[in-house]
*Asks:* 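One structure coming up, written as structure tokens, with questions to follow.
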Amino acid sequence: MNLFYLKSARRLAFRLVISCLGSRNMAKTLYDKLWDSHLVQQRDDGTALIYIDRHLLHEVTSPQAFEGLRLAGRQPWRRDANLATPDHNVPTEPGERSAGVAGIRDPVSQLQVKTLDDNCQDFDIVEFHINDARQGIVHVIGPELGATLPGMTVVCGDSHTATHGALGALAQGIGTSEVEHVLVTQCLIQTKMKNMLIRINGELLPGVTAKDAVLAVIGKIGTAGGAGHAIEFGGEVIRSLSMEGRMTVCNMAIEAGARVGMVAVDETTLEYVKGRTYAPTGAGWDAAVAAWKNLHSDPGAHFDTVVELQGQDIKPQVTWGTSPEMVLPVDARVPDPATIEDPTRRDATARALQYMGLEAGMPLVEIRPQKVFIGSCTNSRIEDLRAAAAVVKGKKVAASVNQALVVPGSGAVKQQAEAEGLDQIFIAAGMEWREPGCSMCLAMNADKLGPGEHCASTSNRNFEGRQGFGGRTHLVSPAMAAAAAVAGHFVDVREWEFEA
Amino acid sequence: MKSFTVETGIVAPMDRANVDTDMIIPKQFLKSIKRSGFGPNLFDELRYQDEGQPGQDCSQRPLKPDFPLNQARYQGASVLLTRKNFGCGSSREHAPWALDDYGFRCVIAPSFADIFYNNCFKNGLLPIVLEEAQVEILFQQMTAAEGYQLTIDLEQQKIIRPDGVEIGFSVESFHRHCLLHGLDDIGLTLEHADAIRSFEQRWRAQSPWLFDVIQ
């Protein structure tokens with residue numbers, strides 16, 4: 001009898017081990033699920049063909065792709081997968097904007113926007129033109145219209161495409177050759193990336209935003225930290241963020257080195273998507289929701305890399321250098337290269353301080369921006385504008401600030417902000433209320449920094465010259481940018497006195 | 001696409017980490033609707049003293065003499081030696097277009113940003129990942145010897161130094177195959193059009209809300 005029980009116990013234990021191993025092998029990450037569901041063909045050499053559901057196009061990275069189609073006599077594989085809008089070059093100054101494409105003063109920009117119009121017409125692709133109410137930054141209009149949905153694969157010739165991953169989509173930036181490849185084949189040739197989980201536990205303290213959280217992540221893992229990985233953002237902080245906050249976080253996955261950033265689908269996601277222009281309705285909605293509810297990493301799913309942060313530790317962030325990883329809490333001081341041992345980092349720090357015109361050891365709150373930019377695919381949504389408006393309400397932009405631009409991310413955001421009277425708050429404070437577009441994030445239009453000018457910017461990159469030749473960018477949250485505009489220097493927005 | 005088999009060329013340095021795509025080709029040049037002509041504006045802000053404009057004749061612009069590509073010893077370079085995370089930032093393919101148009105055929109670094117790395121292979125440009133210590137040795141040898149050249153053999157996946165030392169490297173077999181034969185990957189993918197169509201049919205049945213919505 002005893003022997004019998006021993007044998008059964010062993011068998012049971014063996015079965016348990018096998019089933020645990022089995023379930024571990026079966027447990028998938030969100031990225032694994034999205035990859036598997038779009039896998040057209042896996043090849044022996046490690047590459048795969050991945051099907052693409054949605055392709056967003058804009059004027060900068062598409063002309064050479066369309067030209068490629070013409071030269072080879074090819075047509076788009078599936079026209080309804082594509083959606084185009086001009087955003088990078090479009091003027092945001094209302095006067096210049098009002099005359100449409102013909103009114104764009106820079107002839108090179110005008111030709112590029114016109115070329116998008118022509119290409120979309122020639123290849124029968126839906127485009128929201130420059131002054132269409134649905135026009136806006138591709139990464140703002142996609143989710144806003146329900147043109148990007150949970151469970152989709154989304155691509156665009158723009159590295160901030162990871163933004164759409166906030167919906168539980170596999171979204172990534174591609175180059176122009178891949179734009180052409182997707183247009184013609186509806187697929188991408190890819191090698192599967194590694195899985196990375198960035199878990200932000202606990203909660204964010206008042207005055208600390210999604211932007212601060214993602215800047216803190218980049219400060220921790222560096223601009224190459226996520227290279228080769230698809231990042232899933234999780235943890236209580238991410239779960240409690242709004243969809244717009246999640247978009248801000250996913251948007252900057254590329255600044256952490258990853259092409260892909262994403263968040264699992266939950267009730268917040270479903271609530272956001274429901275009722276959007278291109279979202280399913282009726283029975284289609286129910287079927288979609290049933291499929292989308294599986295869009296999360298299974299318990300026990302394997303991540304190659306896991307990074308954890310505590311929400312309570314995150315303070316409002318300010319970048320002081322020329323790479324997004326050169327970031328510190330607002331109450332810190334500019335680093336001193338002399339104290340850095342690694343020679344490459346020491347040189348980079350010294351070079352950054354020289355370019356930025358900053359002295360080692362100076363408090364970040366003593367940096368005085370001459371310009372303020374509130375906008376970009378990172379921070380131009382309605383919640384961003386509300387946060388900025390709450391800070392400037394009843395106050396005036398400091399005399400030392402030459403220009404404070406507020407650029408809504410889309411026509412819909414602009415309309416909503418105006419309905420709420422936010423535009424009047426900005427204008428009363430001495431800020432400029434503009435038309436939607438990428439604007440001063442990358443200064444392809446007339447909105448740019450002059451040489452040596454510091455800018456408190458809600459955008460995503462502080463590279464040398466990014467916002468204008470010789471310009472000096474400090475990346476911050478919308479509330480921090482607004483507070484700097486009023487104070488004339490960076491301030492800790494947690495200590496801000498708000499007007500009722 | 002032009003093929004890459006064996007390349008012997010002068011090595012030029014870009015001795016900093018995290019060289020971003022804005023640095024490689026600033027945004028004002030992204031307004032072009034062409035694929036070529038970006039070479040004179042490669043590293044524009046590091047190379048010239050003034051702010052470059054699209055369509056401008058660069059031959060008359062004031063140069064920054066300290067920048068390696070402005071120095072006689074690096075003229076005609078076809079191999080760029082640099083530090084980690086080269087090509088970080090945007091997805092602009094104008095970055096490899098500019099490197100290619102300038103005359104570079106190969107970039108050697110301890111690591112590359114993902115999108116840039118991928119974009120290189122679409123344009124006949126070979127990005128090679130070497131260990132940091134190997135890169136450091138190449139920097140030292142290049143600095144010591146004017147006209148320093150490397151031979152890069154993609155078929156054999158090795159770099160041959162002037163002292164005869166061979167350094168192995170590895171490139172994913174699909175990328176290597178396309179580069180060695182100068183293959184257009186759209187043509188290759190279209191050979192599998194049936195597989196794409198049958199996937200699409202299944203996917204449409206399973207997720208009809210993803211189709212025919214934008215019209």
Side-chain angles (χ1 to χ4, degrees), chain A residues 40-41 43 45-47 49 51 53 60-61 63-64 80 83 89 108-109 111-112 115 126 147 149 151-152 157-159 173-178 180-181 184-187 189 191 223-224 227-228 257-259 278 280 284 287-288 291 323 344 347-348 351 442-444 461 463-466 469, chain B residues 15-18 20-23 26-28 30-35 45 51 54-55 83-85 88-94 96-97 111-116 118-119 122-123 172-174 177 184-186 188-190 192-193 195-196 199-200 203 206-215:
Chain A
V40 173
Q41 196 177 65
R43 293 150 175 187
D45 63 7
T47 61
L49 271 187
Y51 188 81
D53 296 313
V60 180
T61 54
Q64 298 86 351
D80 70 291
L83 180 63
N89 276 271
V108 196
S109 287
L111 177 63
Q112 199 166 50
T115 302
V126 175
L149 294 170
M152 271 185 170
D158 189 287
S159 59
I174 55 176
T176 298
S177 293
E178 288 181 319
E180 186 178 339
H181 191 278
V184 176
T185 70
Q186 213 53 52
C187 288
I189 302 170
T191 306
T223 49
R259 267 178 111 151
Y278 296 126
S323 165
T344 309
D347 291 354
R351 199 187 286 121
L442 86 168
M444 280 191 75
R461 291 192 178 131
F463 298 152
E464 291 182 24
R466 168 84 179 180
F469 185 71
Chain B
D15 193 3
R16 52 165 100 185
N18 298 319
D20 58 72
T21 54
D22 279 82
M23 214 179 273
K27 70 269 170 193
Q28 63 269 36
L30 273 51
K31 296 179 190 181
S32 168
I33 56 171
K34 298 186 185 140
R35 246 175 215 268
E45 291 184 9
E51 180 181 7
R83 304 289 182 179
K84 67 177 183 189
N85 201 26
C88 62
S90 85
S91 66
R92 61 188 71 166
E93 202 159 313
H94 312 67
W97 292 340
S111 63
F112 292 90
D114 290 353
I115 304 180
F116 173 83
N118 200 43
N119 283 342
K122 315 283 182 189
N123 294 283
E172 300 82 345
S173 60
F174 177 75
H177 175 72
D184 158 21
D185 58 11
I186 295 180
L188 291 179
T189 300
L190 285 175
H192 304 281
I196 302 171
F199 173 90
E200 193 170 58
W203 189 231
Q206 200 180 324
S207 316
W209 58 86
L210 297 176
F211 290 79
D212 305 326
V213 180
I214 294 177
Q215 294 292 353

*Asks:* Checking B/Phe116 against chain A: side chain, backbone, both or neither under 4.5 Å from a heavy atom?
*Replies:*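 Interface part for B/Phe116: neither.
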
*Asks:* Return the minimal non-hydrogen interatomic distance between B/Gln215 and A/Val126, and the atom names on each side.
*Replies:* C-CG2, 3.5 Å

*Asks:* Chain A: which of B/Lys84, B/Glu45, B/Glu200, B/Glu172 shares the most heavy-atom pairs with it under 4.5 Å?
*Replies:* B/Glu200

*Asks:* Under 4.5 Å, counting heavy-atom pairs only, tell me which of A/Thr61, A/Val184, A/Thr344 racks up the most with chain B.
*Replies:* A/Val184

*Asks:* Relative to chain B, which of A/Asp347, A/Thr191, A/Ile189 shows the most heavy atom pairs under 4.5 Å?
*Replies:*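 The candidate making the most pairs under 4.5 Å is A/Ile189.
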
*Asks:* If we define contacts as heavy-atom pairs under 4.5 Å, which of B/Asp212, B/Val213, B/Asn123, B/Asp114 has the most with chain A?
*Replies:* B/Asp114

*Asks:* I need the residue from B/Pro54, B/Ser90, B/Ser173, B/Ala17 with the largest number of non-hydrogen atom pairs under 4.5 Å to chain A.
*Replies:* B/Ser90

*Asks:* Please report the shortest heavy-atom distance between B/Arg92 and A/Arg466, naming the atom on each side.
*Replies:* NH2-NH1, 3.6 Å

*Asks:* Is chain A contacted by the side chain of B/Ala195, its backbone, both, or neither, given a heavy-atom distance below 4.5 Å?
*Replies:*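 When you check distances to chain A, atoms from both the backbone and side chain of B/Ala195 fall under 4.5 Å.
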
*Asks:* Is it the backbone or the side chain of B/Asp184 that comes under 4.5 Å from a heavy atom of chain A, or both, or neither?
*Replies:*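 Side chain only.
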
*Asks:* Would you mind telling me which of A/Ser323, A/Gly151, A/Ser109, A/Gly257 has the largest number of heavy-atom pairs within less than 4.5 Å of chain B?
*Replies:*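 Going by pairs under 4.5 Å, I would pick A/Ser109.
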
*Asks:* B/Asn118 and A/Arg259: which non-hydrogen atoms are nearest, and at how many Å?
*Replies:* ND2-NH1, 3.7 Å

*Asks:* So, for B/Leu30 and A/Gln112, which heavy atoms are closest and what is the spacing to 0.1 Å?
*Replies:*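 Looks like O-NE2, 2.8 Å.
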
*Asks:* Does any heavy atom of chain A fall under 4.5 Å from the side chain of B/Lys34, the backbone, both, or neither of them?
*Replies:*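 The backbone, not the side chain.
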
*Asks:* With a 4.5 Å cut-off on heavy-atom pairs, point out which of B/Lys122, B/His177, B/Gln206 contacts chain A the most.
*Replies:* B/Lys122

*Asks:* Report the option among B/Ile33, B/Asp22, B/Ile115, B/Asn119 that has the most heavy-atom pairs separated by less than 4.5 Å from atoms of chain A.
*Replies:*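 Of the options given, most contacts go to B/Ile33.
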
*Asks:* With a 4.5 Å cut-off on side-chain heavy atoms, are A/Leu49 and B/Phe199 touching?
*Replies:* no

*Asks:* Please rank A/Ala227, A/Ala288, A/Pro280 by heavy-atom pairs under 4.5 Å with chain B and give me the top one.
*Replies:* A/Ala288

*Asks:* Can you say whether B/Asp185 sits under 4.5 Å from chain A via the side chain, the backbone, both, or neither, judging by heavy atoms?
*Replies:* both

*Asks:* What residue, out of B/Pro96, B/Pro26, B/Ser207, B/Ala193, has the most heavy-atom pairs lying under 4.5 Å from chain A?
*Replies:*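 Winner by heavy-atom pair count: B/Ala193.
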
*Asks:* Less than 4.5 Å apart, side chain to side chain, heavy atoms only: is that true for B/Arg35 and A/Ser177?
*Replies:*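 Yes, side chains in contact.
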
*Asks:* With chain B, which of A/Met152, A/Glu178, A/Gln186 has the greatest number of heavy-atom pairs at distances under 4.5 Å?
*Replies:*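 Looking at each of A/Met152, A/Glu178, A/Gln186 in turn, A/Glu178 comes out on top.
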
